[in-house]
Colleague: 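Following this message is one structure expressed as structure tokens.
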Amino acid sequence: MPELPEVESVRRQLDPELSGRTITDAWWDPIPTLPRQFHQVGLLPGRKIQGVGRKGKFLIAPLDQGLELILHLGMTGAFRFDRDDDWVRARLWLDDGRTLVFRDARRFGRIAVVEAGDYGSLPTLAALGPEPLSEEFDLRRFVADLGRTRSAVKPYLLSQRPVAGVGNIYADEALWTARIHPASRRVGPTRAAALHTAIRDVLSAAIEREGTTFRDFQMVNGESGRNASFLVAYGQEGRPCPRCTTALRRMVLGGRGTTYCPRCQRP
DNA sequence: AGCTGGGCCTGAGCGC
DNA sequence: TGCGCTCAGGCCCAGC
């Protein structure tokens, strides 16, 4: 499941390959089953890519003529060069002779071309919280946000509003690290500060290992991330908590599988 | 306005 | 063997 560390790993491989390239032609699935899967992709031929940036889980590539190319990997999205198979949903031909291919078995990924900064067609991006590994991620604002919401803390993190880029894996990891029960609706300043630190630590470590490959995630060069064997909570149901040896428990929260320690993660 | 729950999609894994 | 069912979770959205 591509979250911030996985998307950042893809960005680091795509940026040097795409910077300065001009898109000569574009093809995308003409009958997308999700209405917003492809948005204005027909504007791409002739556009020059200035670089590949990232906000949360969104890749954002500035183009010429004041446009931006927005790429989202969804669940199973991946970019490769010069490949072809049944899961290819879009192709961008480049002026260096190569073809950037977007593969996406489950079709949750998205490609959109928008006026720079105009994210009306992407509401999650429009309301995206601060970048966790930048100065934007202000502790006081995070404490205030957690104090104000009436949601359980994990679904709130997954909304992308208090902080950008945290998905199901790293939410479980960060909440375990901060000793907060994922269903807690009372996260005060002290625990919010611990969570703030845990989010940064968990994401930083995962980026160093080029993300978590549970099953599907692959980078542009086809390699897997190396973070899976370092997970302490996500997918570890039944295993002893590394802190207190209590068996980790699984619950469904906000429709998402959630693993936590029933002893040392407090409500 | 903020929150909740259901929906989209399809490969993998399971039981029969 | 193969069929049918359930599960997985990114974002979106209708309806409180």
Side-chain angles (χ1 to χ4, degrees), chain A residues 1-11 28-39 54-60 70-79 85-90 102-112 114 119-129 141 144-175 182-187 203 206 211-218 224-225 227-228 231 233-238 250-260:
Chain A
M1 302 110 244
E3 305 178 28
L4 188 150
E6 292 73 34
V7 177
E8 175 61 16
S9 299
V10 169
R11 189 202 68 77
W28 64 99
D29 191 338
I31 313 175
T33 47
L34 297 184
R36 289 174 147 184
Q37 186 177 12
F38 302 109
H39 177 75
R54 181 189 57 73
K55 288 185 178 178
K57 305 175 197 176
F58 293 84
L59 292 167
I60 301 182
I70 313 293
L71 308 167
H72 197 290
L73 299 176
M75 282 288 295
T76 55
F79 289 98
D85 58 40
D86 290 346
W87 295 278
V88 171
R89 309 299 184 202
F102 179 58
R103 306 170 69 239
D104 186 17
R106 296 190 191 176
R107 300 176 188 265
F108 285 160
R110 295 179 60 180
I111 299 178
V114 301
Y119 303 140
S121 64
L122 302 112
T124 301
L125 178 57
L128 195 67
R141 176 178 159 187
D145 286 346
L146 285 176
R148 192 183 310 111
T149 184
R150 297 170 185 264
S151 297
V153 58
K154 180 180 172 181
Y156 187 52
L157 291 176
L158 297 186
S159 77
Q160 307 299 299
R161 282 181 283 123
V163 60
V166 176
N168 207 37
I169 294 175
Y170 301 109
D172 278 6
E173 296 297 296
L175 288 166
S184 175
R185 294 175 193 269
R186 296 174 182 271
V187 178
L203 295 178
T212 299
T213 297
F214 218 63
R215 199 169 60 200
D216 296 303
F217 170 65
Q218 285 191 344
S224 296
N227 194 60
L231 297 177
Y234 179 86
Q236 308 301 308
E237 178 194 9
R250 184 188 142 91
M251 66 184 295
V252 175
L253 186 59
R256 297 293 170 258
T258 298
T259 309
Y260 65 102

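Quick note on labels: first sequence line is chain A, next is B, and so on, each numbered from 1. Please read all numbers here as calculations on a predicted model, not as lab measurements.
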Colleague: Please confirm whether F214(A) and Y234(A) have ring centers closer than 6.0 angstrom.
Modeller: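 Yes, ring centres under 6.0 Å apart.
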Colleague: Taking any heavy-atom pair under 4.0 Å as a contact, classify G257(A): base, sugar-phosphate, or nothing.
Modeller: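 Since only primed, P, OP1 and OP2 atoms lie under 4.0 Å of G257(A), the category is sugar-phosphate.
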Colleague: When we call it a touch if two heavy atoms are under 4.0 Å apart, what does P123(A) touch: a base, just sugar-phosphate, or nothing?
Modeller: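 Sugar-phosphate contact only.
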Colleague: For dG10(C), does the base pair up with any side-chain atom of R107(A) as donor and acceptor (N or O, under 3.5 Å, distance only)?
Modeller: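 Between dG10(C) and R107(A), which were checked side chain against base, a qualifying N/O pair under 3.5 Å is absent.
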Colleague: Answer with base, sugar-phosphate or nothing: what part of the nucleic acid does R250(A) contact at a heavy-atom distance below 4.0 Å?
Modeller: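 Sugar-phosphate, no base atom in range.
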Colleague: Which of these nucleotides, dG10(C), dC11(C), dT4(B), is closest to any side-chain atom of T124(A)?
Modeller: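 Among the listed nucleotides, the one closest to the side chain of T124(A) is dC11(C).
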Colleague: Between Q160(A) and V166(A), is there a donor-acceptor pair closer than 3.5 Å when you use the side chain of the first and the backbone of the second?
Modeller: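 Answer holds: yes.
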Colleague: For the pair made of CG in D104(A) and P in dC8(B), what is the distance, rounded to whole Å?
Modeller: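 About 17 Å, once rounded to whole Å.
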Colleague: Is R256(A) side chain donor-acceptor paired with the dA8(C) base, going by distance under 3.5 Å alone?
Modeller: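 Looking at the base of dA8(C), it does not pair with any donor or acceptor on the side chain of R256(A) (distance under 3.5 Å).
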Colleague: Atom CG of L158(A) and atom P of dC12(C): how far apart are they, to the nearest Å?
Modeller: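 So the two atoms are 14 Å apart, to the nearest Å.
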Colleague: Find the distance R106(A):CZ to dC7(C):P and express it as a whole number of Å.
Modeller: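 Rounded to whole Å, this separation is 14 Å.
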Colleague: Restricting to non-hydrogen atoms, name the atom on D145(A) and the atom on P162(A) that form the minimum distance, rounded to 0.1 Å.
Modeller: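 Scanning both residues, the minimum pair turns out to be OD2-CA, 4.1 Å.
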Colleague: Distance only, no hydrogens: is a donor on one side chain within 3.5 Å (strictly under) of an acceptor on the other, for E237(A) and Y260(A)?
Modeller: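 Judged by distance alone, the side chains do not pair up.
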Colleague: Does a nitrogen or oxygen in the side chain of T149(A) sit under 4.0 Å from OP1 or OP2 of dG2(B)?
Modeller: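 The answer is no; no side-chain N or O of T149(A) sits under 4.0 Å from OP1 or OP2.
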Colleague: Apply side-chain hydrogen bond (donor to acceptor under 3.5 Å, both in side chains) to residues T124(A) and Y119(A) and explain how you reach the verdict.
Modeller: CA-CA 9 Å; T124(A) 301; Y119(A) 303 140; over 6 Å; no
Colleague: Of the candidate nucleotides dG10(C), dC11(C), dC3(B), which contains the atom at the shortest distance from the side chain of F58(A)?
Modeller: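 Selected nucleotide: dC11(C).
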Colleague: Does H72(A) have a side-chain nitrogen or oxygen under 4.0 Å from the phosphate oxygens OP1 or OP2 of dG10(C)?
Modeller: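 Result: no.
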Colleague: Can you check whether R103(A) has a side-chain N or O nearer than 4.0 Å to OP1 or OP2 of dG11(B)?
Modeller: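 No, outside the criterion.
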Colleague: Nearest whole Å is fine: how far is dT4(B) C1' from R150(A) CZ?
Modeller: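 Rounded to the whole Å, the gap is 14 Å.
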Colleague: Starting at atom CG of L122(A), determine the distance to atom P of dC13(C), rounded to an integer number of angstrom.
Modeller: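 Result: 10 Å.
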Colleague: Does M75(A) reach a base, just sugar-phosphate, or nothing at all? Heavy atoms under 4.0 Å.
Modeller: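 Base: the residue M75(A), judged by heavy atoms under 4.0 Å, touches a nucleobase.
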Colleague: Report yes if a side-chain nitrogen or oxygen of W87(A) is closer than 4.0 Å to either non-bridging phosphate oxygen (OP1 or OP2) of dT10(B); otherwise report no.
Modeller: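 No, outside the criterion.
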Colleague: Please state whether the phosphate of dG9(C), meaning OP1 or OP2, lies under 4.0 angstrom from any side-chain nitrogen or oxygen of Y234(A).
Modeller: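 Yes, because at least one side-chain N or O of Y234(A) sits under 4.0 Å from OP1 or OP2 of dG9(C).
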Colleague: Check the distance between dG10(C)'s P and L4(A)'s CG and give it to me in whole angstrom.
Modeller: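 Going from L4(A) (CG) to dG10(C) (P), I get 13 Å.
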Colleague: Rounded to the nearest Å, what distance is computed from the NZ atom of residue K154(A) to the C1' atom of nucleotide dG9(C)?
Modeller: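 In whole Å, dG9(C) C1' and K154(A) NZ are 10 Å from each other.
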Colleague: Quick one: label R161(A) by what it contacts on the DNA or RNA (base, sugar-phosphate, nothing), any heavy atom closer than 4.0 Å.
Modeller: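 If one applies the 4.0 Å heavy-atom cut-off, R161(A) turns out to touch the sugar-phosphate alone, with no base involved.
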Colleague: For the residue pair T76(A) and D216(A), confirm or rule out a side-chain donor-acceptor distance under 3.5 Å.
Modeller: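 No.
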Colleague: Which whole-number value in Å describes the distance from Q160(A) CD to dC11(C) C1'?
Modeller: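 After rounding, the reported distance stands at 9 Å.
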